[in-house]
Every structure is written in C-alpha cells, then in structure tokens.
Amino acid sequence: MKVDKIAIYAGSFDPFTKGHQNVIDRGLRVFDKIIVALAHNVSKKTIFSFDDRIEIIKEIYKDRDNIVVDSFEGLLVDYSKKIGTSVLLRGMRSVSDFEYELQMALANKTLYSEIETIFIVTDSKYSHISSSLIREIVSLGGSVKKMVPGVVERRLKEKQKQKKR
Ligand code: PNS
C-alpha cells in the first residue's frame, strides 16, 4: 500500500505571495499533499484579518485536492503531532533567511525530535518578494500585481477602496 507523503507549509501569509505559491508548486514535486497551515498570531499587526487570509488561500486552491488549507493555534509541532505529519516545508529565498530558518528548524527539532524541516529554494524570480515588502508597497500606494496571485491583488484593491470611502 502506498502511503502519501504529506508536508505542512505553515506561515502567516499576510499576504500570500507568488513566492509562497512557487514553494507549494515545487513542494508538490516531492510531496503528494501539502497542508497550508495558517498560524494564529495575535501579536502581529496584519493587513488582512485571519479569516480573510484563510478565505484567500482557500480561493486560490479551491480546485486542488492535493492542497489542504487549514489553521492552527499554539506551537507548530503540537499541530504537526495532532494531524500526524512530521514534515515541515519551508521556502528559502536567500542567505538572509538562513539564520531565522535555522533557528526555527532547530527549535522545532528540540521541541519534537520527530520533526523534519525540508527547505525548497525559492525560484530566483520570486526571491526578492516578501510579505512585509508587499505590505510596505501597498501602504505607500504602489502596485504589487507582479508579486501576488490575482485573488490577493483583487482583495488588496477592494481594501484600498473601502479605506478611501
Ligand atoms: O510566515 P512566517 O511568519 O515566516 O511563518 C512563521 C511560522 C508561523 C511558521 C512560525 O512563526 C510558527 O511556527 N509559529 C507557530 C508558533 C511556534 O510553533 N513557534 C515556535 C517555532 S520556532
């Protein structure tokens, strides 16, 4: 019997970018199924609410049965234990990501020795994209059309319109 290879791709996804999409697409060349898990992070000031972010990611992947959109509260390792998947997928854009990623991977391993973090190097086309950069560009009125999926761009425009009212 073939057992599906499943990975958890966790993040804050505020907003979800073409870089995230690229990591998921390429992750599916290695894994049969990817669980995109949105972290509840109450301390962060976000551009999209938690519900909006879940809705956006679900809309992007509505026709894909090998991509499951879920969320979790608390520690990622506890979530991974709960759903019975011990592989975490992360994107690595550049050397500057390395320190943070290494720290997180080692902390997760210390918390739960079964956990394995697998890195995919983000395509160079998207390596300059980060959610924080997008938030800044948006706050200054710039276009992020080339950096985010169409659904996200549309939702950002709606948000800007609502603000102007
Ligand atoms: O998109 P991000 O902000 O890089 O994702 C970071 C995330 C959500 C994966 C990380 O902050 C996380 O795992 N948060 C859950 C809380 C937790 O387990 N913290 C310890 C990880 S070292």
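One-based numbering, in listed order, for ligands and for the atoms of each. Atom set for the values below is all heavy atoms of this structure, side chains included, hydrogens, waters and symmetry mates excluded. Predicted model, so just to flag it, every value in this text is computed and none were measured.
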*Give the numbers and elements of all ligand 1 atoms closer than 4.0 Å to a heavy atom of A39.*
8 (C)

*Would you say Y100 touches ligand 1, if touching means a heavy atom closer than 4.0 Å?*
yes

*Ionic contact status for E114 with K81, cut-off 4.0 Å*: no

*Determine if the distance from atom 9 (C) of ligand 1 to the closest protein heavy atom is below 4.0 Å.*
yes

*Please identify which atoms of ligand 1 are closer than 4.0 Å to at least one heavy atom of A107.*
22 (S)

_ligand 1 versus K109: contacting region, heavy-atom distance under 4.0 Å_ = neither

*Tell me, which protein residue and heavy-atom name are nearest atom 19 (N) of ligand 1, and how many Å apart are they?*
L75 CD2, 4.0 Å

*Just let me know how N108 lines up against ligand 1, side chain, backbone, both or neither, with a heavy-atom cut-off below 4.0 Å.*
side chain

_Looking at ligand 1, is there an atom of it that comes within less than 4.0 Å of some heavy atom belonging to R90?_
yes

*Nearest protein heavy-atom contact for atom 22 (S) of ligand 1: which residue, which atom, what distance?*
M104 CG, 3.3 Å

_As an exercise, identify every atom of ligand 1 less than 4.0 angstrom from a heavy atom of L76._
13 (O), 17 (C), 18 (O)

_Pair D32 + K2, salt bridge at N-O below 4.0 Å_ = yes

_Proximity of Y9 to ligand 1 by residue part, where a heavy atom lies under 4.0 Å_ = neither

*Could you label the plane-to-plane angle of the H20 and F13 rings as parallel, tilted or perpendicular, counting under 30° as parallel and over 60° as perpendicular?*
perpendicular

*Linking I/L/V/M/F/W/Y whenever their side-chain heavy atoms sit closer than 4.5 Å, directly or via other members, would I6 and I24 fall into one cluster?*
no

_Closer than 3.5 angstrom, by distance alone: can the side chain of R53 be matched with the main-chain N or O of S12 as a donor-acceptor pair?_
yes

*Would you call V87 and F31 a side-chain contact if the rule is heavy atoms closer than 4.5 Å?*
yes

*Could you please spell out the steps behind the salt bridge (Lys or Arg N to Asp or Glu O under 4.0 Å) verdict for E55 and R155?*
CA-CA 11 Å; E55 213 177 272; R155 298 286 288 252; 3.0 Å; yes

*For E158, does the CD atom sit with more than 12 other heavy atoms under 6.0 Å from it, leaving out its own atoms?*
yes

*Of all the heavy atoms in G74, does at least one lie under 4.0 Å from an atom in ligand 1?*
yes

*How does S12 reach ligand 1, if at all, at less than 4.0 Å between non-hydrogen atoms: by side chain, backbone, both, or neither?*
both

_Per atom 14 (N) of ligand 1, closest listed option by heavy atom (F13, Y79, F72, F16)_ = F72

*Please work out which of the three classes, parallel, tilted or perpendicular, describes the rings of F72 and Y79, given edges at 30° and 60°.*
parallel

